[in-house]
There are 2 protein chains.
Amino acid sequence: MTSAGNSKEVKKDEIAELARRRGFLWQAFEIYGGAAGFYDYGPLGARLKRRIEEEWRDFYTREGFYEIETTNIAPREIFESSGHLESFADQAVVCNHCKNFFRVAEGVKVSENCPECGGELEAAGEFNLMFQTRIGVPKGESDSGVKKSEGYLRPETAQGIFLNFQRLLRFNRDKLPFGIIQIGKAYRNEISPRKSLIRLREFTMAEAEVFVDPKEKNNHPRFEDVKDRMLRIVPGEDEGGEEEEESLEEAVRSGIIANEYLGYHIAKVDEFLERIGIPRAKVRFRQHLREEMAHYATDCWDAEFLSERYGWMEIVGVADRGDYDLSAHASFSNADMSVHTEPEKIIPHVIEPSYGIDRIIYALLESSFYEEQVGKEKRKVLRLKSEITPIKAAVFPLLNRDELKKKAREVFQKLRDASIFVEYDDSGSIGRRYRRQDEIGTPYCITIDYETLEDNTVTIRERDTMKQVRVPIAEVKDVLLKRE
Amino acid sequence: MTSAGNSKEVKKDEIAELARRRGFLWQAFEIYGGAAGFYDYGPLGARLKRRIEEEWRDFYTREGFYEIETTNIAPREIFESSGHLESFADQAVVCNHCKNFFRVAEGVKVSENCPECGGELEAAGEFNLMFQTRIGVPKGESDSGVKKSEGYLRPETAQGIFLNFQRLLRFNRDKLPFGIIQIGKAYRNEISPRKSLIRLREFTMAEAEVFVDPKEKNNHPRFEDVKDRMLRIVPGEDEGGEEEEESLEEAVRSGIIANEYLGYHIAKVDEFLERIGIPRAKVRFRQHLREEMAHYATDCWDAEFLSERYGWMEIVGVADRGDYDLSAHASFSNADMSVHTEPEKIIPHVIEPSYGIDRIIYALLESSFYEEQVGKEKRKVLRLKSEITPIKAAVFPLLNRDELKKKAREVFQKLRDASIFVEYDDSGSIGRRYRRQDEIGTPYCITIDYETLEDNTVTIRERDTMKQVRVPIAEVKDVLLKRE
């Protein structure tokens, strides 16, 4: 196996082209000219996404966390309390000619000309990133300023968990700590997103909210299990800001990572990213600078992926939200968010690993794509881990003959009946069929030939090594399901 | 097993109370007083929902359909073309005093007084049911009537599939028929929903769009497999409107159901509802009257569930959308939505089974809830099918002793490691622990006692019969996973 012949220059566009052509990712509303910040997942992309989400759910379920599902729309009060209405905003400029808005953080300044039409740019102040709508008021009607009809699309899934805190505490029999997860859509009315998966207006988050007694933050019951994990970290300015590699235990004991709970969840994020196949050499944890910290966070670390296209980019955030959210909702709603722990009442703190699923998919596609020379041909291959590939295996008749096709259909059906997601393909040469599967990451190709009709064996060809082994049909399932 | 002692009067409130108390369903934003039409799924509800969705995905994947995932927000043009901006509306009245809107279809008329404040009701015309927002325009800013910034939350998932039709056709190698599925949120800005799962402003749909050559609508390749299925049907006015029971084949051959494709998918809906445990005696298929048909449908049948609380209610719709959507998008966007089939170009027709997941969950909770007398105690039990219960089994130590708890923990962990979702519980009497599991539908309780320590056997107690069997630990997994 070799990754020689892999050129970074070519790669960028190859991935986008492959993702579009093979049904991973499509610009949404393309027949109407598209809209920046919106993508659809095609058949293979949706399967890849689903399998990553299932791995994630499984990973945090094994931590003992329960999943809930809360609404995408919420009334104004929620985001008044959470601080998003006031603080969830980017600085913007607006063109006085074409009226387009631009994001100051992306380098467009008042002193420059409009990148769209050359017009004059004026300061436009803060641009709140939430999508607004109205609940129960017809679209044509004025709501006469009645605040209660205002609704917003959630900018994170977390608030739905905080709002249900009392019920969740009761579900957990009034004991701390406990963790709750949610996977779902979130929405940010970005000012001028480029057309890519990196800055979407609608995206999928997978978030865990871990509620812990603040006195216990340095006492995670399973810290031992992860303490020796080596992490590549970039501490914030107070710690010098220099990238270093050290064990989780060293980072927590020296105070670079503030407490065991935060540290434990940073290690878990690192473990999950490795599990789904993000190369460890391309992941680091960077502490937020004070000025980039979200309004709710007392500390925050980003898991960053080193993209060949975009440089270091955030794919997961791990925040210590302190008691910010529960206290804010307690104060605005008058609900009691406290927990009785001997000898006092406390407001729990929240540790939050927050995954951007779309960016993780981008990172997986980019880092698993290889183009290599095989004999006289170029081979494109997605080296995705077998646990997350859209298709588990493809079944081929070697030749386009009825007796082989019939047998291949039987093998296909047998595997489908065992809930293994396989595809059947009998069109084109066998080499062409291998290439088609390589470029969508299918780890195994099963070929039915005349020997199969005699002794019920098939060849299984492995994607990365391209090696073939001959296996009895009865053993195919085990080969396909072995965990790498 | 008996369902005696089950009183309909008590039942209604018992279900709502149980759903809230045990973490199935919670009124959203409750600490802020709630908002009509919005519900959250708690830990058990979210697991139940997930398992129903998985069964559904599995069911249609076995039909050969692929899933995609498209955006919740879409620009105005999409719904101009689809007809939703013009036609997706309810007639409303408005109170001239409190300014509340009411839905005429629910019986509130202009000649009456406001049900909220007694004020005078005035006709308010059509109330469009889509949630409107603005894309890329800050919430404070006027968009000066620029139409292109308007966006809407999708009222159905289907449009996202139609918009990608060309790419999906290509994915299917330019051949008809093929089916595409999507599970996701949809939104309807209902005028005055009551607080229940039945009329939500945000809800989950599971939709399949089947694209077929119109000439082939009476030639479904697997019609034979389902033709003998007996259906309870209520034809529309043209057919007399009388409820009858007949086989699918009779209904199609006599013209009551318009074609084989529509008939096949009606039968599949019936099969799926049975598979997840909706009692067949409580399901019928009713053809829409002309005046209730959606603007896009040429024919539509509802699968209705007979609710003790709400009477017959729609839980699935099966529509023949003809070429309405593809033709509309072709005409508005100038995209070519035709398919070349010998000897001509055609616009495919669409058959659409569209499931309301939240209503199905309500139907399952209502129809599986039983209250029965066991000795001197009342037992509440959810007789959900084992394939969809939130918890597969609970593991108990018989007594609160360390050696039993240790062994029970081992059994618990062994099952979790085998990816079986089990709970551990050692609090309260064994009888109380059984009752706790009964009322959330857990099909099996596994008890570890002193005999277990001697011979590695446990008792498995079955939810519905309350019978116990003694089984070696090594065989527990097989008992739990057998399909009913």
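In what follows, chains carry the letters A, B, and so on, assigned in the order in which the sequence lines appear, proteins first and then strands, with residues in each chain numbered from 1. All values below come from the heavy atoms of this structure, side chains included, with hydrogens, waters and symmetry mates left out.
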Between [X] and chain B, which part of the residue has a heavy atom less than 4.5 Å away: side chain, backbone, both or neither?
X       : value
Q182(A) : neither
F332(A) : both
Y41(A)  : both
T204(A) : side chain
R173(A) : side chain
R167(A) : both
L153(A) : side chain
Q413(A) : neither

> Hey, what's the ring geometry for Y424(A) with F412(A), parallel, tilted or perpendicular (30° and 60° as the breaks)?
Replying inline: perpendicular

> So F65(A) and Y60(A), would you call those rings parallel, tilted or perpendicular, with 30° and 60° as cut-offs?
Replying inline: parallel

Selection from [options] maximising heavy-atom pairs under 4.5 Å formed with chain B:
options                           : result
A89(A), A46(A), A335(A), P43(A)   : P43(A)
I78(A), I191(A), D417(A), L200(A) : I78(A)
H329(A), R170(A), Q159(A), R47(A) : H329(A)
F29(A), F165(A), F171(A)          : F29(A)
T133(A), I73(A), L129(A)          : I73(A)
S419(A), A28(A), A74(A), G45(A)   : A74(A)

> Would you call K185(B)-E202(B) a salt bridge at under 4.0 Å N-O?
Replying inline: yes

>> Quick test of your reading of the model: are E69(A) and K49(B) salt-bridged, counting only N-O distances below 4.0 Å?
In response: yes

>> For chain A, which candidate among R22(B), R50(B), R20(B) shows the most heavy-atom pairs at distances under 4.5 Å?
In response: R50(B)

Between the side chains of [X] and [Y], is a donor N or O closer than 3.5 angstrom to an acceptor N or O?
X       : Y       : answer
Y187(B) : N72(B)  : yes
S427(B) : R436(B) : yes
E30(A)  : Y32(A)  : no

>> Is it the case that the side chain of R154(A) and the backbone of T70(A) share a donor-acceptor pair, with hydrogens and angles ignored and the cut-off at 3.5 Å?
In response: yes

> Are the ring centres of F127(A) and F101(A) closer than 6.0 Å?
Replying inline: yes

> Would Y66(B) and F421(A) count as a close aromatic pair, with their ring centres under 6.0 Å?
Replying inline: yes

> What part of R21(B) is in contact with chain A, defined as an atom under 4.5 angstrom from a non-hydrogen atom: side chain, backbone, both or neither?
Replying inline: neither

